[in-house]
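Here the structure comes first, spelled out in structure tokens, and everything after it is commentary.
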Protein chains: 2
Amino acid sequence: MAKPRSAPRLADVAARAGVSIATASRSLAGREGVSEAVAAHVREIALQLGYVANVHARTLAGGATSTVGLIVHEIGDPYFAEIASGVIEVAAQRGLTVQICHSARDPRTELHQIRTLIAHRTDAIIVAGSGYTEPALQAESNAVLQAFQDGGGRVAVIGRHFLAADAVRPDNEAAGRAVTAHLLELGHRRIGVIAGPAVLTTVADRLAGVAAALADRGLSLADVPVLHTDFTRNGGHAGAEKLLAEHPDLTALIALNDVMAIGVLSVLRAHGIAVPQQMSVAGVDDVAVAADLAPSLTTVRLPMTEMGELALTMALKPPSARKRRKTTGHELVVRDSTGPAPTPAP
Amino acid sequence: MAKPRSAPRLADVAARAGVSIATASRSLAGREGVSEAVAAHVREIALQLGYVANVHARTLAGGATSTVGLIVHEIGDPYFAEIASGVIEVAAQRGLTVQICHSARDPRTELHQIRTLIAHRTDAIIVAGSGYTEPALQAESNAVLQAFQDGGGRVAVIGRHFLAADAVRPDNEAAGRAVTAHLLELGHRRIGVIAGPAVLTTVADRLAGVAAALADRGLSLADVPVLHTDFTRNGGHAGAEKLLAEHPDLTALIALNDVMAIGVLSVLRAHGIAVPQQMSVAGVDDVAVAADLAPSLTTVRLPMTEMGELALTMALKPPSARKRRKTTGHELVVRDSTGPAPTPAP
DNA sequence: CTGAAAGCGCTAACAA
DNA sequence: TTGTTAGCGCTTTCAG
């Protein structure tokens with residue numbers, strides 16, 4: 001075993017450069033009050049020693065941690081993976097590192113992860129998972145995040161949360177509306193909706209959009225079957241099986257996110273139901289693979305990567321008195337999974 | 001602005017509990033040398049104060065950081081997202097937090113990320129990105145990681161690296177061999193290979209497997225067109241276009257990973273080439289969507305999530321004298337994208 | 001412009 | 001069993 005003293009410390013750099021650690025610190029931090037010559041020399045030495053400041057010591061001494069936290073429901077879900085990619089990219093540009101946690105779509109777990117990130121004194125925390133329609137579920141998270149912000153921490157959320165923080169808001173209602181209007185225009189009237197858990201604001205908002213589009217045509221959400229299952233590929237799969245069995249007359253299926261739609265398509269394929277000839281299918285998100293499915297998936301594009309970038313960018317700005325709110329664009333992407341409603345057999 | 005003193009400190013807990021900080025520390029750490037009564041009391045107080053230890057202070061004082069680093073090429077790639085999911089899960093179980101960095105398939109960036117993680121004094125570092133066939137490219141990373149390990153840090157890599165560390169090794173050669181043998185058995189002889197950058201060991205190993213399977217049939221890799229492009233969906237897309245144009249007689253395409261295969265399928269669809277009737281396509285990895293593509297993708301399953309779990313588990317074990325090496329299983333999954341070679345037109 | 005020294009919050013000897 | 005105290009490596013006054 002080698003000696004535990006592995007990484008060079010500031011003291012090593014200072015000694016080697018023949019200056020005090022205070023001067024060394026100033027030089028490396030690029031603070032002023034050091035002659036450029038000395039500063040350059042110190043930097044030179046630091047470089048050749050491969051010196052990297054100990055983040056913990058720096059943090060303890062009052063500096064920033066250069067770390068941001070990101071809470072997602074599940075990183076294996078492409079929606080979150082794409083958001084994470086955006087967050088990581090801008091973090092890297094700014095010399096920050098990203099801690100990622102799973103909330104597993106559970107408010108208790110989310111609270112726990114928030115606590116953990118706070119304990120790590122991350123400079124900022126980004127909550128990317130959907131909010132909950134029931135404020136009580138996030139009351140404690142809210143309190144904890146508030147305290148964190150009062151202490152100088154920065155917070156940004158993605159989606160609609162009952163959290164007082166800067167927010168990046170995909171327009172989920174408009175997305176739900178767009179996809180539904182598209183199907184209605186194609187002549188579909190017997191539409192089934194496969195939704196995620198009703199407590200998620202993302203689900204509630206998209207569903208509200210569906211309802212609004214229906215209302216525009218004098219229809220009501222009460223008239224269409226809505227099934228709440230997991231917000232995952234398997235949830236979509238199970239939901240489609242159930243809906244198909246209970247409502248054999250449906251001509252279109254809306255999955256409230258693309259991964260669910262993927263599950264829906266697999267069921268249709270297994271049952272030999274032609275898409276879109278016999279059944280149209282649409283999702284929301286436009287995850288990367290949506291375009292490469294067969295049939296390619298009609299969906300509403302949400303700029304996930306950009307949302308991640310935006311969230312971190314906002315969080316890194318100096319806090320403003322009132323919370324910032326940034327709504328992202330969305331775009332209906334019509335592909336091959338939707339088509340005209342089949343004319344009913346005479 | 002509230003006062004900066006937000007989080008309660010150990011001293012606060014100790015004072016409130018009427019004990020010294022040493023006793024408080026012991027109680028919370030669950031170390032022995034404290035009467036159970038006192039310990040329980042301290043824990044109680046800590047709980048009601050919402051006390052969470054400052055990770056940085058703890059680390060600086062010689063404790064563990066409760067943080068592990070994970071370096072992936074790109075988290076948006078489902079292969080890495082699934083690995084990350086596994087890592088995060090076992091980390092959460094053990095009360096650890098995960099810092100994820102992008103290496104962007106660039107050795108320089110990878111080195112930089114390793115340095116960053118070391119600066120953060122993560123307890124362990126997991127390098128999930130592929131290794132490089134050219135040892136020189138990772139020489140410096142190797143040195144830095146070695147120093148990290150000498151200093152008590154733990155390291156695990158996924159894949160074949162020229163890094164002295166515990167390793168989880170998907171059997172890439174066997175995977176390449178399996179998929180190729182499958183195609184050969186189906187009667188294909190004019191097979192094109194769409195590969196990622198040749199410098200990646202993952203690519204080199206899978207390609208070696210392809211060569212081995214060909215050799216088993218008396219064929220040579222020299223006889224089949226191999227195209228090296230990006231190890232991504234778009235790389236697969238571009239590669240397929242090129243290969244198709246240059247070798248119109250091919251009857252099967254092997255993409256060296258599933259995301260490339262997705263790009264390949266999209267090209268075939270665009271050209272109206274029926275899969276598998278006119279062209280068979282196979283990938284490697286079995287990412288989640290592979291089963292849901294149409295046609296569903298024949299591939300070789302690698303247990304990505306489990307690989308992530310395994311890597312962290314290994315890294316968390318006390319270091320052993322000789323490096324551990326764990327080879328994971330793989331399994332040919334035949335789906336709809338491969339079929340018998342079309343009989344040549346007479 | 002530069003250096004000395006006081007912490008930051010916690011752990012781990014060492015005492016009592 | 002419990003308390004005292006010396007750091008961990010760095011930033012930041014405050015002197016010089």
Side-chain angles (χ1 to χ4, degrees), chain A residues 3-43 45-46 49-67 118-121 123 151-153, chain B residues 3-43 45-46 49-67 118-121 123 151-153:
Chain A
K3 41 173 16 175
R5 168 85 306 93
S6 53
R9 294 154 310 155
L10 180 58
D12 299 327
V13 176
R16 197 87 127 60
V19 300
S20 70
I21 62 168
T23 299
S25 175
R26 292 187 190 105
S27 307
L28 297 174
R31 238 166 303 140
E32 54 187 27
V34 194
S35 72
E36 190 39 53
V38 176
H41 181 222
V42 171
R43 265 182 251 118
I45 299 279
L49 253 48
Y51 171 78
V52 192
N54 180 319
V55 177
H56 306 289
R58 168 177 289 173
T59 303
L60 201 52
T65 56
S66 306
T67 297
I118 291 178
H120 280 257
R121 301 298 188 276
D123 297 339
Chain B
K3 40 166 29 161
R5 168 84 310 90
S6 54
R9 294 154 307 156
L10 180 59
D12 300 326
V13 176
R16 197 87 126 60
V19 299
S20 71
I21 61 167
T23 298
S25 174
R26 291 187 191 106
S27 306
L28 296 174
R31 238 166 304 139
E32 55 186 27
V34 196
S35 70
E36 191 39 51
V38 176
H41 181 222
V42 171
R43 264 182 252 119
I45 299 280
L49 253 50
Y51 170 77
V52 191
N54 181 318
V55 177
H56 306 289
R58 170 178 288 174
T59 304
L60 202 50
T65 56
S66 306
T67 298
I118 291 177
H120 281 258
R121 301 298 188 274
D123 298 339

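Because the structure is a prediction, the values reported are computed rather than measured. We use all heavy atoms of the structure for the numbers below, so side chains are in, but hydrogens, waters and symmetry mates are not. Residue numbers begin at 1 in each chain, while the letters A, B, ... track the order of the sequences.
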In this structure, how many angstroms lie between the [atom2] atom of [N] and the [atom1] atom of [X], rounded?
{"X": "B:R9", "N": "C:dG7", "atom1": "CZ", "atom2": "C1'", "answer": "12 Å"}
{"X": "A:R121", "N": "C:dC10", "atom1": "CZ", "atom2": "C1'", "answer": "11 Å"}
{"X": "B:L28", "N": "C:dT11", "atom1": "CG", "atom2": "P", "answer": "8 Å"}
{"X": "A:N54", "N": "C:dC10", "atom1": "CG", "atom2": "P", "answer": "16 Å"}
{"X": "B:L60", "N": "D:dG7", "atom1": "CG", "atom2": "P", "answer": "14 Å"}
{"X": "A:L10", "N": "D:dT11", "atom1": "CG", "atom2": "P", "answer": "6 Å"}
{"X": "A:I21", "N": "D:dT11", "atom1": "CD1", "atom2": "P", "answer": "9 Å"}

[options]: which one has an atom nearest the side-chain heavy atoms of [X]?
{"X": "A:T23", "options": "C:dC10, C:dT2, D:dT2", "result": "C:dT2"}
{"X": "A:V19", "options": "C:dG3, C:dT2, C:dG9", "result": "C:dG3"}
{"X": "A:A61", "options": "C:dC8, D:dT2, C:dC10", "result": "C:dC8"}
{"X": "B:S20", "options": "D:dT4, C:dA4, D:dG9", "result": "D:dT4"}
{"X": "B:V38", "options": "C:dT11, C:dC8, D:dT2", "result": "D:dT2"}

> Side-chain N or O of A:T59 less than 4.0 angstrom from OP1 or OP2 on C:dC8?
Replying inline: no

> For D:dC10, does OP1 or OP2 lie under 4.0 Å from any side-chain N or O of A:S25?
Replying inline: no

To the nearest 0.5 Å, what is the distance between [atom1] ([X]) and [atom2] ([Y])?
{"X": "B:L10", "Y": "B:T23", "atom1": "CG", "atom2": "OG1", "value": "10.0 Å"}
{"X": "A:H56", "Y": "B:L60", "atom1": "NE2", "atom2": "CG", "value": "8.5 Å"}
{"X": "B:H120", "Y": "A:T65", "atom1": "NE2", "atom2": "OG1", "value": "7.5 Å"}
{"X": "B:E36", "Y": "B:H41", "atom1": "CD", "atom2": "NE2", "value": "13.0 Å"}

> How do B:Y51 and B:R26 order along DNA chain C: which one's closest nucleotide is nearer the 5' end?
Replying inline: B:Y51

> Which heavy-atom pair separates A:Y51 from A:L28 by the least distance, and what is that distance?
Replying inline: CE2-CD1, 3.6 Å

